[in-house]
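Below: one structure, written as structure tokens.
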Amino acid sequence: MGIEKVIIIGSGPAGHTASIYTARAGLSPLMFEGEMAGGVMPGGQLTTTTHIENFPGFPESISGFDLMDRMREQSIKNGTTIKTMTVDRVDLSERPFKVYCNNEVTSAHSIIIATGATAKKLNLPGEEALWQKGVSACAVCDGGLPVFRNKHLIIVGGGDSAVEEALYLTKFASKVTMLVRRNILRASRVMQDRLNKNDKIDILWNSVPLELYGEDSLTQVKIKNIKTEVESVMDISGLFYAIGHLPNSGFLNNQIELNNTKYIKTHPGSTKTSIEGVFACGDVQDSKYRQAVTSAGTGCMAAMDVEHFLITKS
Ligand code: FAD
Ligand code: NDP
């Protein structure tokens with residue numbers, strides 16, 4: 001078998017943007033789109049949500065599934081070969097690099113890693129049935145939907161994301177309650193100061209959700225105070241997890257430099273990783289912005305970085 005010029009691993013907005021750009025640059029990319037890798041369908045995290053209202057070009061909004069379907073179609077139309085397989089492991093010890101799926105091996109001169117991240121959930125009773133029916137892991141994405149307007153909402157978590165998302169939700173909600181599992185926030189001082197100035201937010205300390213209730217959408221949550229062990233049920237219209245994300249970087253087996261939360265480290269202002277010829281884009285290297293459009297942006301950067309790498313190395 002020949003050696004691929006570039007292999008793209010992952011099929012969210014980052015992977016497909018990298019694929020469209022590398023295909024248009026004549027690099028005939030091969031994409032491994034995953035097969036329920038990280039628990040999501042090919043197309044990535046957006047396939048798990050309904051309305052995307054902040055991706056430019058869709059003033060009437062578009063469903064996450066349709067948006068990713070269109071990106072996939074555009075990748076293929078421009079000349080990308082897509083395999084519905086999950087990459088089990090890679091060997092980056094020498095070039096060409098090797099990519100393994102189900103014991104099949106493919107070699108490539110360069111690799112773009114676009115495997116995304118998975119928002120942590122708690123897998124509570126009721127959570128699966130009510131997912132995207134009042135329960136979400138992305139307040140910035142879903143919080144502005146009509147169902148949450150002027151309603152009492154809950155954020156689970158006490159880090160910077162939780163505070164930022166609680167503040168964001170106050171634009172729409174009548175009230176926001178944060179469930180914090182300790183008696184202290186992990187969030188930075190500056191974020192805590194902003195929180196303290198907002199009288200729409202209250203905090204339930206030492207508290208965790210135990211169970212979610214609702215027929216067609218979330219209506220109640222059972223909460224436990226883990227200090228007093230007292231349980232109570234609260235009427236609620238929305239619950240947002242902000243308890244961190246897990247980047248899908250495990251399959252790399254630490255062959256690339258990661259930060260202390262397992263996100264791939266990239267050189268500032270580029271998508272280069274610690275291994276020459278291997279590039280990373282999207283949420284797998286971004287613990288901060290985590291948006292479709294920023295992922296697509298870094299996907300474009302990765303494609304241009306690959307093109308430059310292949311020209312200078314050939
Ligand atoms: P992902 O979308 O995470 O895609 C990565 C893909 O790689 C997945 O398909 C995965 O299966 C695959 N993969 C993983 N490991 C492997 C492997 N080993 N081999 C092969 N494939 C692999 N952002 C917005 O801008 N607007 C929104 O409205 C919005 N709504 C959201 C709603 C929800 C519920 C969630 C969870 C997120 C939302 N986001 C939104 C965030 C947005 O989805 C992400 O920022 C974006 O999808 C990240 O893109 P990505 O390409 O980096 O990775
Ligand atoms: P963090 O890991 O910082 O915080 C996660 C929060 O969720 C913590 O309060 C943690 O509690 C809580 N938590 C974790 N697991 C559970 C659980 N099972 N049940 C209940 N609560 C749980 O993640 P973030 O996403 O908030 O932040 C990630 C990084 O991004 C940080 O470095 C942060 O500073 C940065 N960031 C910065 C922003 C900014 O500066 N504006 C905005 C957003 C993120 P505990 O504290 O007890 O562990």
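All values derive from a computational prediction rather than experimental measurement. Basis for what follows: all heavy atoms, side chains included, without hydrogens, waters or symmetry-related copies. Atoms within a ligand are numbered from 1 in the order they appear, just like the ligands themselves.
- Contacts of A242 with ligand 2, taken as heavy-atom pairs under 4.0 Å, involve the backbone alone.
- Proximity of G43 to ligand 1 is established by a heavy-atom distance of less than 4.0 Å.
- Here the shortest heavy-atom distance to atom 18 (N) of ligand 2, taken over V140, I184, L122, L185, belongs to L122.
- Assignment of E53 to the shell around ligand 1 is not supported, since no heavy atom sits closer than 4.0 Å.
- Of the candidates M178, R181, K121, the one placing a heavy atom closest to atom 14 (C) of ligand 2 is R181.
- Here the protein heavy atom with the shortest distance to atom 36 (N) of ligand 2 is D160 CB, 3.6 Å.
- Between S188, G159, S161, it is G159 that holds the heavy atom closest to atom 6 (C) of ligand 2.
- Within the 4.0 Å heavy-atom shell around ligand 1 one finds S11.
- Contacts between L179 and ligand 2, counted as non-hydrogen atom pairs separated by less than 4.0 Å, are absent for every part of the residue.
- Using 4.0 Å as the threshold, K288 has no heavy atom nearer than that to any atom of ligand 2.
- Not one N or O of A119 is nearer than 3.5 Å to an N or O of ligand 1, by distance alone.
- At a 3.5 angstrom cut-off on N or O pairs, N248 does not count as close to ligand 1.
- Residue contacts with ligand 1: Q291 is placed with a nitrogen or oxygen under 3.5 Å of a nitrogen or oxygen of the ligand (distance criterion only).
- Residue-to-ligand polar distances keep T86 apart from ligand 1: every N/O pair is separated by 3.5 Å or more.
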